[in-house]
Novice: 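Quick one: the structure is below, questions incoming.
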Amino acid sequence: MLQQTQVATAIPYFHRFLSRFPTVEALAAAELEQVLAAWRGLGYYSRARNLHRAARELGAANAGGLPSTARELALLPGFGRYTAGAVASIAFGEQVPAVDGNAARALSRLFCVEGTPRLRETALWELAGRLCRGERPGDLNQALMELGALLCRAETPLCDRCPVRRACRALSHGRVQAIPPARPRRARQSLRLTAAVWIRQRRVLLARREERGLFGGLWELPCSEARGRPDATLRALLGPRLRVGRMLGELKRTLTHRELTLRLYEVSGGRPPATAAPYRELRWVGPASARRLAMSTAMQLALATALRRPLADKRKEALSSR
DNA sequence: AAAACGTGGCA
DNA sequence: TTGCCAAGTTT
């Protein structure tokens with residue numbers, strides 16, 4: 001949960017998740033859909049899919065027990081170098097580094113680490129590897145991350161209060177602001193989606209995405225990329241005899257690499273197909289059940305519009321209904 | 001190995 | 001409002 005996510009954001013999810021899946025066995029026994037539902041709104045859903053896979057591998061291999069070395073941990077899905085190092089050092093006391101974004105920034109400044117991204121990466125892990133060879137490698141690793149998060153911050157570092165300011169090479173060289181360099185960001189691609197709002201007997205038609213890529217495994221209003229007229233787009237998805245009515249609303253949402261625009265159209269007509277590629281499943285869902293399904297925040301907002309939930313702040317409402 | 005992958009907080 | 005980043009990993 002902490003991968004690319006601030007601690008404060010993850011905490012409530014963490015508690016709910018652990019009460020829902022208290023053990024590796026419980027997680028392994030659960031359906032992916034339930035795991036994704038518990039992850040709903042947290043983002044980067046591949047983490048939930050990987051964690052679920054890891055639980056199943058562990059259950060099969062050693063009765064749910066975790067391996068205790070970074071080397072073995074790194075074999076599990078979702079465990080990269082950082083996570084494997086963090087678990088090994090913090091939970092098992094292994095003398096291995098764990099360099100997250102915060103630690104990387106703090107180390108970069110302390111030792112004036114510069115150069116190409118690749119060289120810096122190597123240097124940072126090397127430095128962290130030396131530092132963690134003490135009695136409490138887990139504490140060292142956490143202290144480094146904490147230093148980066150609380151004091152050696154990206155925009156406004158608090159060098160006045162830094163306990164290692166006398167050792168900081170970036171500070172003595174006047175390069176604190178220049179290190180580390182901001183990483184280049186790619187421009188966002190716009191993704192325009194046309195979505196079907198098909199309501200029948202108080203239920204809305206939802207679709208489950210395939211388990212990969214954007215929003216993989218999550219439920220949503222059936223939609224596809226807008227090419228040409230909305231009626232043509234939606235008939236290609238749900239059948240040629242579909243009746244496409246008025247537009248019910250539009251939703252814009254910014255993701256890291258996407259500018260998402262979702263246009264909602266009222267549709268009706270006959271019965272939907274058994275399946276609609278590339279979806280894995282179609283299902284009629286009542287509003288109460290919809291609120292419990294695995295769904296992105298974007299789609300929660302869209303659904304709130306589609307079902308015409310009253311109230312100005314649909315965003316807050318959608319989020320609080322988890 | 002560059003690009004994709006969500007969402008929220010903060011200045 | 002906009003940009004940047006967050007206890008990164010996968011393909």
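Heavy-atom basis, side chains included; hydrogens, waters and symmetry copies ignored. Naming: A, B, ... by sequence-line order, numbering from 1 per chain.
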Novice: Contact class for A:Arg118 vs. all strands (heavy atom < 4.0 Å): base, sugar-phosphate, or nothing?
Specialist: nothing
Novice: Can you name the one residue among A:Asn50, A:Thr83, A:Asp100 that meets side-chain hydrogen bond (donor to acceptor under 3.5 Å, both in side chains) with A:Gln3?
Specialist: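 Of the listed residues A:Asn50, A:Thr83, A:Asp100, the side-chain hydrogen bond (donor to acceptor under 3.5 Å, both in side chains) partner of A:Gln3 is A:Thr83.
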Novice: Regarding A:Arg20 and the six-membered ring of A:Phe17, is the cationic atom NZ or CZ under 6.0 Å from the ring centre and inside 45° of its axis?
Specialist: no
Novice: Does A:Arg258 place a side-chain N or O at less than 4.0 Å from the phosphate oxygens OP1/OP2 of B:dC5?
Specialist: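 True: A:Arg258 side-chain N/O within range (under 4.0 Å) of B:dC5 OP1/OP2.
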Novice: A:Leu191 has an atom CG; how far is it from atom C1' of B:dA3, in whole Å?
Specialist: 15 Å
Novice: Counting side-chain heavy atoms from CB outward, which of C:dA7, C:dA6, B:dA4 is closest to A:Val7?
Specialist: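 From the listed options, C:dA7 comes nearest.
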Novice: Pick the P atom in C:dT9 and in B:dG8, then give their distance to the nearest Å.
Specialist: 22 Å
Novice: So which nucleotide from B:dG6, B:dT7, C:dA7 ends up closest to the side chain of A:Thr5?
Specialist: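 Nucleotide nearest to A:Thr5's side chain: B:dG6.
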Novice: Measure the distance from CG on A:Leu147 to C1' on C:dA6 and round it to the nearest whole Å.
Specialist: 16 Å
Novice: Provide the distance between the two C1' atoms, one in C:dA7 and one in B:dA2, to the nearest whole Å.
Specialist: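 Approximately 23 Å lies between the C1' atom of C:dA7 and that of B:dA2.
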Novice: Expressed as a whole number of angstroms, how long is the span from A:Leu218:CG to B:dT7:C1'?
Specialist: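 Checked: the CG to C1' distance equals 13 Å.
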Novice: So, do A:Leu293 and A:Arg283 sit near enough that their side-chain heavy atoms are less than 4.5 Å apart?
Specialist: yes
Novice: Can you tell me which nucleotide in B:dC5, B:dT7, C:dA6 comes closest to the side chain of A:Thr297?
Specialist: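 Selected nucleotide (nearest to the side chain): B:dT7.
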Novice: Would you kindly compare A:Arg49 and A:Thr156 by the position of their nearest DNA chain B nucleotide and give the one closer to the 5′ end?
Specialist: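 Upstream on the strand: A:Arg49.
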Novice: For A:Leu42 and B:dC5, what is the distance between atoms CG and P respectively, to the nearest whole Å?
Specialist: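 One finds 17 Å between P of B:dC5 and CG of A:Leu42, rounded.
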Novice: Can you check whether A:Tyr45 has a side-chain N or O nearer than 4.0 Å to OP1 or OP2 of B:dT7?
Specialist: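 Yes, A:Tyr45 has a side-chain N/O under 4.0 Å of OP1/OP2 on B:dT7.
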Novice: For A:Glu155 and C:dT2, what is the distance between atoms CD and P respectively, to the nearest whole Å?
Specialist: 17 Å
Novice: Can you tell me which nucleotide in C:dA7, C:dC5, B:dT7 comes closest to the side chain of A:Thr256?
Specialist: B:dT7
Novice: For A:Leu255 and B:dA3, what is the distance between atoms CG and P respectively, to the nearest whole Å?
Specialist: 18 Å
Novice: Rounded to whole Å, please give me the gap between CE in A:Met295 and P in B:dG6.
Specialist: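 Interatomic distance, CE of A:Met295 to P of B:dG6: 15 Å.
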Novice: Tell me whether the count of non-hydrogen atoms from other residues, nucleotides or ligands lying under 6.0 Å of CZ in A:Arg153 goes above 12.
Specialist: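 Check passes, neighbour count above 12.
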Novice: Would you list the protein and nucleotides 9-11 of chain C atom pairs, both N or O, that sit under 3.5 Å from each other?
Specialist:
residue: C:dT9; atom: OP1; partner: A:Gly80; partner atom: N; Å: 2.7
residue: C:dT9; atom: OP1; partner: A:Gly80; partner atom: O; Å: 3.4
residue: C:dT9; atom: OP1; partner: A:Thr83; partner atom: N; Å: 3.0
residue: C:dT9; atom: OP1; partner: A:Thr83; partner atom: OG1; Å: 2.8
residue: C:dT9; atom: OP2; partner: A:Tyr82; partner atom: N; Å: 3.4
residue: C:dT10; atom: OP1; partner: A:Gly78; partner atom: N; Å: 2.5

Novice: So, A:Arg47 and A:Thr5: side-chain donor and acceptor under 3.5 Å apart, yes or no?
Specialist: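 A donor-acceptor contact under 3.5 Å links the two side chains.
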Novice: Is any side-chain nitrogen or oxygen of A:Thr9 closer than 4.0 Å to OP1 or OP2 of B:dT7?
Specialist: no
Novice: Roughly, in whole Å, what's the span from CZ in A:Arg186 to P in C:dG3?
Specialist: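 Distance, rounded to whole Å: 16 Å.
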Novice: Are A:Glu250 and A:Arg263 close enough, and set up right, to give a salt bridge (charged side-chain N to carboxylate O under 4.0 Å, His left out), and what steps lead you there?
Specialist: CA-CA 5 Å; A:Glu250 184 184 75; A:Arg263 286 191 168 175; 2.7 Å; yes
Novice: Would you say A:Arg40 and A:Gln300 are linked by a side-chain donor-acceptor pair, where the criterion is simply a distance under 3.5 Å?
Specialist: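 Short answer, yes.
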Novice: Using atom C1' of each nucleotide, how far apart are C:dC5 and B:dC5 to the nearest Å?
Specialist: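 Result for the C1' pair: 15 Å, nearest Å.
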Novice: Does any non-hydrogen side-chain atom of A:Leu36 lie less than 4.5 Å from one of A:His52?
Specialist: no
